[in-house]
Amino acid sequence: MPHTKISIALCTYNGEKYITEQLASYARQTQLPYELIVCDDGSTDATVDIVRQFAVSAPFPIKLYINEQNLGSTKNFEKTISLCNGDIIFLSDQDDVWREDKIASMSQIFKDHPGTGAIFSDAEVVDSKLESMGYRLWDSVGFNWIQQKRMFAGQPASVLLKKNVVTGATMAFRAKFIPDVFPIPKIWVHDGWIALFVAVFADLKFISEPLVLYRQHSDNQIGTARKTLLEQIKTSIKGSNKTKEKAYLDAAEQYIVIKERLDNYVKEAMQSDIEILLENKIKHLQSRAHIPTSFVRRFPLVVHELMTLRYHRYSSGFKSFLKDLVRLN
C-alpha cells in the first residue's frame with residue numbers, strides 16, 4: 001500500500017507574533033508532512049519573511065504563495081487547500097502550536113478506518129503566552145458526552161446540524177472530498193462547511209486528546225470563550241429583534257444552500273435522513289427568526305417549537321428556549 005501523503009494547509013495574514021512557534025511545531029512532528037502549503041493574504045508585517053526563512057531548513061518541502069489581493073479567511077483556505085497535493089489535508093491556523101504526535105495520531109485513524117472522511121480533536125485553550133486558560137475547546141463549543149456518543153454511533157451530520165463542533169485548526173480530511181466541497185459558499189466559514197459536507201457522505205472520527213494549543217489573543221479572527229446561561233440570556237436581551245431575525249434567516253440560508261448543493265448527488269450515497277434533518281433545521285431557524293415581539297403571541301409559538309423537540313435537536317435545548325422566551329421589544 002503506498003505511503004499516505006500529508007499536506008498542511010496554512011493561511012497567513014500579519015501573523016509575525018506567533019507564526020514562528022506554529023512552524024516549529026510542524027518540524028517537531030513524529031510523522032512529518034509530505035508538504036506545507038502556505039497562502040499569505042497580503043501581510044504587511046514580517047510573516048512572509050519568517051516563512052521563507054523557515055523553509056530554508058525545514059525537514060519537508062514548503063510552497064509559499066502570496067495573494068495579489070486580500071481574499072479573506074474562507075476563500076484563502078479554499079485556495080490553499082486547492083494547491084495541496086496530499087491524500088490527507090490538515091488545516092492550520094497561524095497562531096497555534098501542534099502537539100508532536102498530532103499528525104501521527106490522526107493519520108493512524110485514517111489508516112485504520114478507510115470509511116472515515118474527516119477527523120478532529122480537542123484542544124487546550126491557551127493565552128497569548130501559551131498559558132492554559134483552564135478549559136478545553138470542546139468545553140467552549142459544547143461537544144459534550146451526549147454529542148460525542150451520537151457521533152460515535154455514526155450520526156455526525158445530526159450532531160453538526162445542532163451546532164458546529166469542529167474547529168478547522170483541529171481538523172484533517174481526505175483530499176478526495178475537495179471536488180465536492182468546492183466552491184465554498186460565501187455565507188459559510190470553511191471549517192463548518194467542510195465538516196458538514198463530509199459528514200453527509202462519510203464517517204467523522206474524533207480524538208478527545210488536546211492535540212493543539214489553541215491560542216486566544218486580541219488579534220483572533222474567530223475566538224472561543226465560555227459563556228454562562230445568564231450571560232447568553234443577557235446577550236439575547238441586548239440584541240434587537242431585527243438583528244436576531246437577520247441572524248437566524250442568514251443561518252437558515254446557509255442550510256438552504258447546502259440542501260440545494262446536495263440535490264446534485266445520488267441519494268443512496270448520502271446519510272439516509274439528511275434531507276429531513278436539513279428541512280427541520282431550516283424550519284427551526286425560520287421559526288426562531290419570526291418569533292413575535294408580543295409575549296402573549298410569542299409564548300405559545302415558542303412552547304410549540306419546544307414540543308417539537310427542535311430546540312433540542314437543532315439548538316441548545318432549554319437554553320435556546322429561554323433565550324427566545326425572554327426576548328424584549
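For reference, positions follow the sequence shown, starting with 1. Predicted model, so just to flag it, every value in this text is computed and none were measured.
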Discussion item. Can you confirm whether Ile282 sits close enough to Gln254 that some side-chain heavy atom of one is under 4.5 Å from a side-chain heavy atom of the other?
Written reply: no

Worksheet item: For the residue pair Asp101 and Thr30, what are the closest heavy atoms and their distance?
Response: CA-OG1, 3.9 Å

Worksheet entry | side-chain contact (heavy atoms from CB on, under 4.5 Å) evaluation trace for Glu16 with Asp49 | CA-CA 9 Å; Glu16 65 177 6; Asp49 291 334; over 6 Å; no

Item to complete: Kindly assign one of parallel, tilted or perpendicular to the pair Phe206 and Trp138, based on the angle between their ring planes and the thresholds 30° and 60°.
Response: perpendicular

Worksheet item: Taking side chain as C-beta onward, heavy atoms only, is Val97 less than 4.5 Å from Tyr214?
Response: no

Worksheet entry | Check: Asp40/Asn67 side-chain N/O donor and acceptor closer than 3.5 Å | no

Discussion item. Counting only heavy atoms from other residues, nucleotides and ligands, does the tally under 6.0 Å from CZ of Arg150 exceed 12?
Written reply: yes

Worksheet entry | NZ/NE/NH1/NH2 to OD/OE distance under 4.0 Å, Glu209 and Arg99 | yes

Worksheet item: Do the non-hydrogen side-chain atoms of Phe90 and Ser107 ever get within less than 4.5 Å of each other?
Response: yes

Fill in: Shared hydrophobic cluster for Leu249 and Tyr314 (ILVMFWY, side-chain gaps under 4.5 Å)
no

Discussion item. Testing the basics here: between Pro183 and Arg261, what is the closest heavy-atom pair and its distance to 0.1 Å?
Written reply: O-NH2, 2.5 Å

Practice prompt. Report the C-alpha separation of His190 and Glu78 in whole Å, then their side-chain angles, then the decisive distance to 0.1 Å, and conclude whether the side-chain contact (heavy atoms from CB on, under 4.5 Å) test is met.
Written response: CA-CA 7 Å; His190 65 280; Glu78 184 174 316; over 6 Å; no

Practice prompt. Give me the ring orientation class for Phe143 and Phe120: parallel if the planes are under 30° apart, tilted from 30 to 60°, perpendicular past 60°.
Written response: tilted

Worksheet entry | Closest contact, heavy atoms only, Leu32 versus Ala27 | CD2-O, 3.7 Å

Discussion item. Set out, in order, the CA-CA distance, both residues' side-chain angles and the distance that settles side-chain contact (heavy atoms from CB on, under 4.5 Å) for Ile6 and Ile103, then state yes or no.
Written reply: CA-CA 8 Å; Ile6 303 297; Ile103 291 180; 4.2 Å; yes

Fill in: Hphob cluster co-occupancy, Phe295 + Phe318, side-chain heavy atoms under 4.5 angstrom
yes

Worksheet item: Side chains of Lys111 and Thr116: does their closest heavy-atom pair fall under 4.5 Å?
Response: no

Worksheet item: Taking everything shown except Phe299 itself, do over 12 heavy atoms lie less than 6.0 Å from its CZ?
Response: no

Worksheet entry | ILVMFWY cluster, Val181 and Leu83 together (side-chain gap under 4.5 Å) | no

Fill in: Same apolar cluster (I L V M F W Y, side chains within < 4.5 Å links), Tyr26/Leu213
no

Worksheet item: With distance as the sole test, does Asp139 use its side chain to make a donor-acceptor pair with the main-chain N or O of Arg136 at under 3.5 Å?
Response: yes

Discussion item. Among Trp188, Phe177, Tyr255, Phe77, exactly one meets ring pair (Phe, Tyr, Trp, His ring centres under 6.0 Å) together with Trp193. Which residue is that?
Written reply: Trp188

Worksheet item: Does any non-hydrogen side-chain atom of Leu204 lie less than 4.5 Å from one of Met151?
Response: yes

Worksheet item: How close do Cys39 and Thr80 get, heavy atom to heavy atom, and via which atoms?
Response: CB-OG1, 3.1 Å

Discussion item. Please tell me whether His284 and Glu305 have a donor and an acceptor in their side chains that are separated by less than 3.5 angstrom.
Written reply: yes

Worksheet item: For the hydrophobic clusters of this structure (ILVMFWY residues joined by side-chain heavy atoms under 4.5 Å, transitively), does one cluster hold both Ile187 and Leu262?
Response: yes

Worksheet entry | Glu35/Ile62 under side-chain contact (heavy atoms from CB on, under 4.5 Å): CA gap, chis, key distance, verdict | CA-CA 6 Å; Glu35 64 179 1; Ile62 298 175; over 6 Å; no

